[in-house]
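Have a look at the structure below before the remarks.
Just so you know, these numbers use all the heavy atoms, side chains as well, and skip hydrogens, waters and symmetry mates. By convention here, the first residue in the shown sequence is residue 1.
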Amino acid sequence: MTAGPAEQQGLAGVTDRLRHRDVTSIALPIILSNATVPLVGYVDTVVIGRYGGGAHLIGGVALAAIIFINIYWIFGFLRMGTTGLTAQAAGAGDVPEIFANLIRALAVAAVAGLALVAAQGPLLDLFLWLMGGSEKVNEAVRDYFQVRIWGAPAALANFAMVGWFIGLGRANIAFAIQLILNGINIVLAVAFVFGLGLGVPGVAAAILVAEISAVIAGGLFAWHELVARNAEPGAAKLLDAERIKTMVAVNRDVIIRTACLIFAFSFFASQGARAGDLALAANAVLMSIAMIFVYMLDGFAFAAEVLVGQAVGAKRPDRFRDAIRLSTQWALVFALGFSLVLLLGGGLMIDFTTDEAPVREAARTYLWWATMIPIVGIWCYQLDGIFIGATGTRQMRNMAMVSVAGYLVVWSILTPAFGNHGLWAAILIFLALRALTLAAVLPALAREKFGEGVLPLWGRR
């Protein structure tokens, strides 16, 4: 196997200054693919909302989906860690390490996915206890969970492959995988619920089939990519102790950081559930709408991951600065636009989501909080991308823990005084705390990777 310069291996060029199109060529496909991720949750909510049965079915599907989001969030390192490490290998032109990153990630995904299937009973009992939903809501959660959990190995393998392709700057392939997964899911959810009358289990069966289909497609894409790069397996590279040590450290830190985020959003959902089925359903409807725009904004964070990672691998502080500046400029423009769309069209989105009049009315009461999520959250999303690309996971871990502590303090003050309004305010303050704490340690990360000469981070040198 040959391992020449980056450009000879088909890697993203690391010899020129970054341009706007370098950001958009990665971000736009990811925006489109990520839009379909919460869109699936939104469609599931619409399908169940129009299937009939009341607020408890809407809330049950929402809580069940949150359980899987939380479980899979724990394994977010399979996407994030793989992206950062692969982008750095790409920037350095290290094709054997690119191949090794994929194999290591898939091996972890297989073991973890099978473990989740084996532990499904205790996992479900734990989450039902934590969520505190009503018995009717819990019954719907069980119907969903017991079907979808069998797709865990495929779901985690998809995370690894998508992260790998993004790290290579092949956002178009990541887009194709997500389209396959989410397109099949949406079509089958409608067919299974309205066509076959399967109800909540039908929604879960749809995503199970979709996850298996996507991992097959992703495997074919990955094989083609490796053949094109003339990559060959190498046991010595795969078992390199120093590389494995780095991977373990990155994954450990991302797990802890992700656990903090899981806690924060699960706490938000559980507090809504404890306020009653109506508050739970209203919050679920608003979050399912807002998350469409949040996932789209993540396209620019993903672009930051790739371009920052390549800059670190190539030891190019100028590209590091450009990656931060250009990706954040684009992200801010889109965040403002998305908040405006929510402000003007949120009511129509609520009405389309559910026919339940009480849920519609309650969701409108809290809509203006949801409109603030893009413009408040964009800063921590972008900083996440920068730290992931630079594998600055230790700092991410520490700042996430600090932010969760602040979130709980704010919640304890605002919720007793303002109820569900206080709960929404607390989650927004949590996003702001994450941004402020990460921004405070960003200069230290830059010095760690490039030395003193990298500053200032904003603008050209």
Over all atoms of both residues, closest heavy-atom pair of R148 and Y144: NH1-OH, 2.9 Å
Looking only at non-hydrogen atoms, find the nearest pair between A400 and L261 and report the distance. CB-CD1, 4.4 Å
Check side chain to side chain contact (heavy atoms under 4.5 Å, CB included) between L414 and all other residues, then give those that pass, not counting sequence neighbours. V410, F418, A425, I429
Name every donor-acceptor pair, under 3.5 Å, that has one atom in a side chain of residues 153-165 and the other anywhere in the protein, sequence neighbours excluded.
from	atom 1	to	atom 2	distance (Å)
N158	OD1	V215	N	3.2
N158	ND2	A154	O	3.2
N158	ND2	E211	O	3.2
W164	NE1	I98	O	2.8

Sorted by chain and residue number, the side chain to side chain contact (heavy atoms under 4.5 Å, CB included) partners of V409 (sequence neighbours excluded) come out as I413
Parallel, tilted or perpendicular: which fits the ring planes of W330 and F334, with parallel below 30° and perpendicular above 60°? tilted
Using 0.5 Å steps for rounding, measure from the CG atom of L181 to the CD1 atom of I184. 7.5 Å
Looking only at heavy atoms, what is the nearest atom pair of L297 and A331, with distance? CD2-O, 3.8 Å
Which distance, rounded to the nearest 0.5 Å, do you find between the CG of L342 and the CD1 of I375? 10.0 Å
Looking at residues at least two apart in the chain, or sitting in another chain, which of them share a side chain to side chain contact (heavy atoms under 4.5 Å, CB included) with L367? L286, I350, T371
Applying side-chain hydrogen bond (donor to acceptor under 3.5 Å, both in side chains) to N398 and not counting sequence neighbours gives none
Could you label the plane-to-plane angle of the W411 and F267 rings as parallel, tilted or perpendicular, counting under 30° as parallel and over 60° as perpendicular? perpendicular
For the pair F175 and L179, evaluate side chain to side chain contact (heavy atoms under 4.5 Å, CB included) and give the outcome as yes or no after the intermediate values. CA-CA 6 Å; F175 180 30; L179 278 184; 3.3 Å; yes
Step-by-step salt bridge (Lys or Arg N to Asp or Glu O under 4.0 Å) determination, D322 to R325: CA-CA 5 Å; D322 289 348; R325 176 175 56 86; 3.3 Å; yes
Can you give me the closest heavy-atom contact between K315 and P317, atom names plus distance? O-CD, 3.4 Å
Are the side chains of R434 and R257 in contact, using a 4.5 Å heavy-atom criterion? yes
How would you list all residue pairs meeting salt bridge (Lys or Arg N to Asp or Glu O under 4.0 Å) that involve residues 367-383, not counting sequence neighbours? none
Give every residue pair that meets the salt bridge (Lys or Arg N to Asp or Glu O under 4.0 Å) criterion with at least one member in residues 68-89, sequence neighbours excluded. R79-E305
Considering residues at least two apart in sequence or located in another chain, which fulfil the side-chain hydrogen bond (donor to acceptor under 3.5 Å, both in side chains) criterion with N283? N420, W424
CA sep, side-chain torsions, deciding dist, call: W379, T328, side chain to side chain contact (heavy atoms under 4.5 Å, CB included): CA-CA 8 Å; W379 305 104; T328 304; 3.9 Å; yes
Could you give the distance from CD (Q310) to OG1 (T86), rounded to the nearest 0.5 Å? 11.0 Å
Distance col, row I177:CD1 vs R170:CZ, nearest 0.5 angstrom, shows 11.0 Å
Rounded to the nearest 0.5 Å, what's the gap from CE on M287 to CD1 on I289? Could you check? 11.5 Å
Audit row: T83, F302, side chain to side chain contact (heavy atoms under 4.5 Å, CB included) steps and yes/no: CA-CA 9 Å; T83 296; F302 282 31; over 6 Å; no
Residues S403 and F430: closest non-hydrogen pair is O-CD1, 3.6 Å
Residues in salt bridge (Lys or Arg N to Asp or Glu O under 4.0 Å) with R364, at least two apart? D351
Do the side chains of L383 and F387 get nearer than 4.5 Å, heavy atoms only? yes
Looking only at heavy atoms, which two atoms of F300 and Q382 are closest? And how far apart? C-OE1, 3.1 Å
Hits for side chain to side chain contact (heavy atoms under 4.5 Å, CB included) against A390, two or more places apart or cross-chain, chain-then-number order -> V308, V312, L445, K449
Partners meeting side-chain hydrogen bond (donor to acceptor under 3.5 Å, both in side chains) with R397 (sequence neighbours left out): D253
Would you say R394 and M399 make side-chain contact, with heavy atoms under 4.5 Å? no
Pair T415, Q271: side-chain N/O donor-acceptor within cut-off below 3.5 Å: no
When V254, V108, L116 are each screened for side-chain contact (heavy atoms from CB on, under 4.5 Å) with F75, the one that passes is L116
Decide yes or no for I373 and V294: does some side-chain heavy atom of the first lie under 4.5 Å from some side-chain heavy atom of the second? yes
Taking it one step at a time, do F293 and D298 satisfy side chain to side chain contact (heavy atoms under 4.5 Å, CB included)? CA-CA 9 Å; F293 300 101; D298 248 358; over 6 Å; no
List the residues meeting side-chain hydrogen bond (donor to acceptor under 3.5 Å, both in side chains) with H421, not counting sequence neighbours, and say none if there are none. W369
Between CD1 on residue I180 and OG on residue S213, distance to nearest 0.5 Å: 8.5 Å
With distance as the sole test, does Q88 use its side chain to make a donor-acceptor pair with the main-chain N or O of G389 at under 3.5 Å? yes
